[in-house]
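Whatever order the structure lists ligands and atoms in, that order sets their numbers, starting from 1. We number each residue from 1, following the sequence as shown. Every heavy atom of this structure was used, including side-chain atoms; hydrogens, water molecules and symmetry mates were not.
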Amino acid sequence: MPTKKTKKTEQLREKLSREPSRVWDKLSDAEKDEVFRYAEGYRAFLNSGRTERRCVSEFVRLASAKGFVDLDSAGRKKNRLFRVLRGKLLIMAVPGRRPLTDGVRLITSHVDCPRLDLKPNPLYEDTDLALLKTHYYGGVKKYQWVARSLAVVGTVVLGDGRTVDVEIGLKDDEPIFTIPDLLPHFARKQMEKKANEFIPAENLNAVFGGLPYPDKDATDRVKLAVLELLNSRYGITEEDFTSAELQFVPAEPARDSGVDRSLIAGYGQDDRVCAYTSFTGIMEATRPEYAAIAVFYDKEEIGSEGNTGAQSRYLEMFLMDLMELTGTPPTTHNLNKVLMRGKAISADVNAAFDPTYADVFEKRNACRMGYGVTIEKYTGHGGKYMASDAHAEYAGWIRGLFNKHGILWQTGGFGKVDEGGGGTVAKYLAKTGMDIIDVGPPLLGMHSPVEVTAKEDVWMCHRAFAVFFGS
Ligand code: MN
Ligand code: MN
């Protein structure tokens with residue numbers, strides 16, 4: 001029996017201090033079932049969306065089936081809208097009961113992921129093997145991409161303007177590709193090098209074929225045979241590689257992980273986990289008070305550059321068109337109102353505390369697997385350089401919203417000060433004047449070919465985004 005004194009202490013502690021809660025401890029049996037059911041859809045999405053283009057087309061397919069229409073052909077059906085830019089940037093919108101100039105509820109995520117792109121002139125033959133030269137995209141540890149199964153996926157624009165989609169290595173009966181590593185027997189010098197040097201970028205060459213063209217007098221017979229095969233199957237010539245976007249991605253599918261199946265292990269969860277959870281969030285939005293807008297950006301992993309990245313002006317153009325469609329004069333003055341009164345979430349993953357590498361984390365502020373979504377007030381590095389630092393008022397509003405709706409959340413950070421660091425699209429959106437804060441699930445193994453999420457965090461993320469769109 002606790003004494004009266006300890007009971008009072010406990011009450012005080014409960015009242016004044018905060019400990020994050022394990023999501024699993026707070027769920028009903030029905031909700032636990034829902035966590036696992038939701039993960040099925042998420043895992044299926046990871047496996048169909050291996051590139052930014054595929055993510056966008058998959059979202060468009062799913063959204064169209066539920067009544068979303070292209071903004072440009074909306075006509076009188078204006079209640080569920082989307083628009084795609086260049087196959088890679090998707091914006092979805094559900095207009096609210098209030099006019100857009102009262103502000104919007106906007107969630108951004110990104111659908112591009114670290115990978116190996118093919119170079120514009122990738123195919124060559126050396127010592128009777130056909131090989132493809134690659135150029136890594138985003139922050140990768142290059143050694144993680146050798147000695148593993150890879151699939152090649154993407155789009156080729158042919159000389160006559162036709163577009164061909166290529167996807168080899170994702171199905172069980174298809175061939176896969178690999179970048180062979182040096183055998184340990186010969187690797188004495190390699191093993192003495194630093195980890196960022198022992199696989200030079202120019203060594204990321206994938207074996208693509210091995211059989212020669214029948215004419216024994218020909219040169220580069222394997223390359224010729226590969227070209228002939230590609231031409232007969234896809235109509236591709238060597239020059240077509242210069243107008244192609246082909247990527248090597250991990251071939252193996254995302255799968256349940258852990259003996260209790262509590263986790264999902266697979267490629268591309270930064271940031272397709274937030275893309276999927278914000279997508280399912282906006283799919284649930286019906287006549288919200290404020291317009292719900294979900295933006296799925298490209299190019300985040302290389303600095304949000306280009307016309308499909310978050311530094312582009314496309315969101316503003318979209319909002320102007322949305323204003324016109326929903327009866328608000330699309331003036332710059334009105335656009336500024338939409339943006340300045342907007343509330344936004346930069347939905348991106350956070351680095352989960354990894355006990356094996358405890359020394360790089362600041363434990364009191366790092367997020368933990370299974371404790372719900374993270375709220376990260378600021379990103380950046382060093383003295384908060386390059387940070388988007390959400391205002392206390394807005395952080396308070398988000399916290400209050402989540403608390404009111406039973407969303408389990410924790411704080412997130414990006415490693416020890418002066419050691420870690422990172423950023424999201426938040427700082428680019430903040431330039432428009434809107435309030436924005438980072439929210440997303442904890443992730444283990446970020447940017448590796450096998451990233452890991454906890455299913456209850458993924459589900460909590462979905463709920464948090466649905467609540468936000470409805471706020
Ligand atoms: Mn990310
Ligand atoms: Mn990333």
Show the numbers, then the answer: is there a salt bridge (Lys or Arg N to Asp or Glu O under 4.0 Å) between D438 and K377? CA-CA 7 Å; D438 280 281; K377 188 174 175 295; over 6 Å; no

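- Using modelled atom types and a 3.5 Å distance limit, the side chains of T155 and D165 yield a donor-acceptor pair.
- Put simply, the side chain of R463 gets close to the backbone of H405: a donor and an acceptor are under 3.5 Å apart.
- Residues R105 and S471 bring a donor and an acceptor atom of their side chains to less than 3.5 Å of each other.
- Around the Mn ion (ligand 1), the protein N, O or S atoms found under 2.8 Å comprise H110 NE2, D270 OD1, D348 OD1, D348 OD2.
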Does L322 form a side chain to side chain contact (heavy atoms under 4.5 Å, CB included) with L71? I'd like the steps, not just the answer. CA-CA 8 Å; L322 187 64; L71 186 140; 4.0 Å; yes

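- Remark: the S262 side chain and the D260 side chain contain an N/O donor-acceptor pair separated by less than 3.5 Å.
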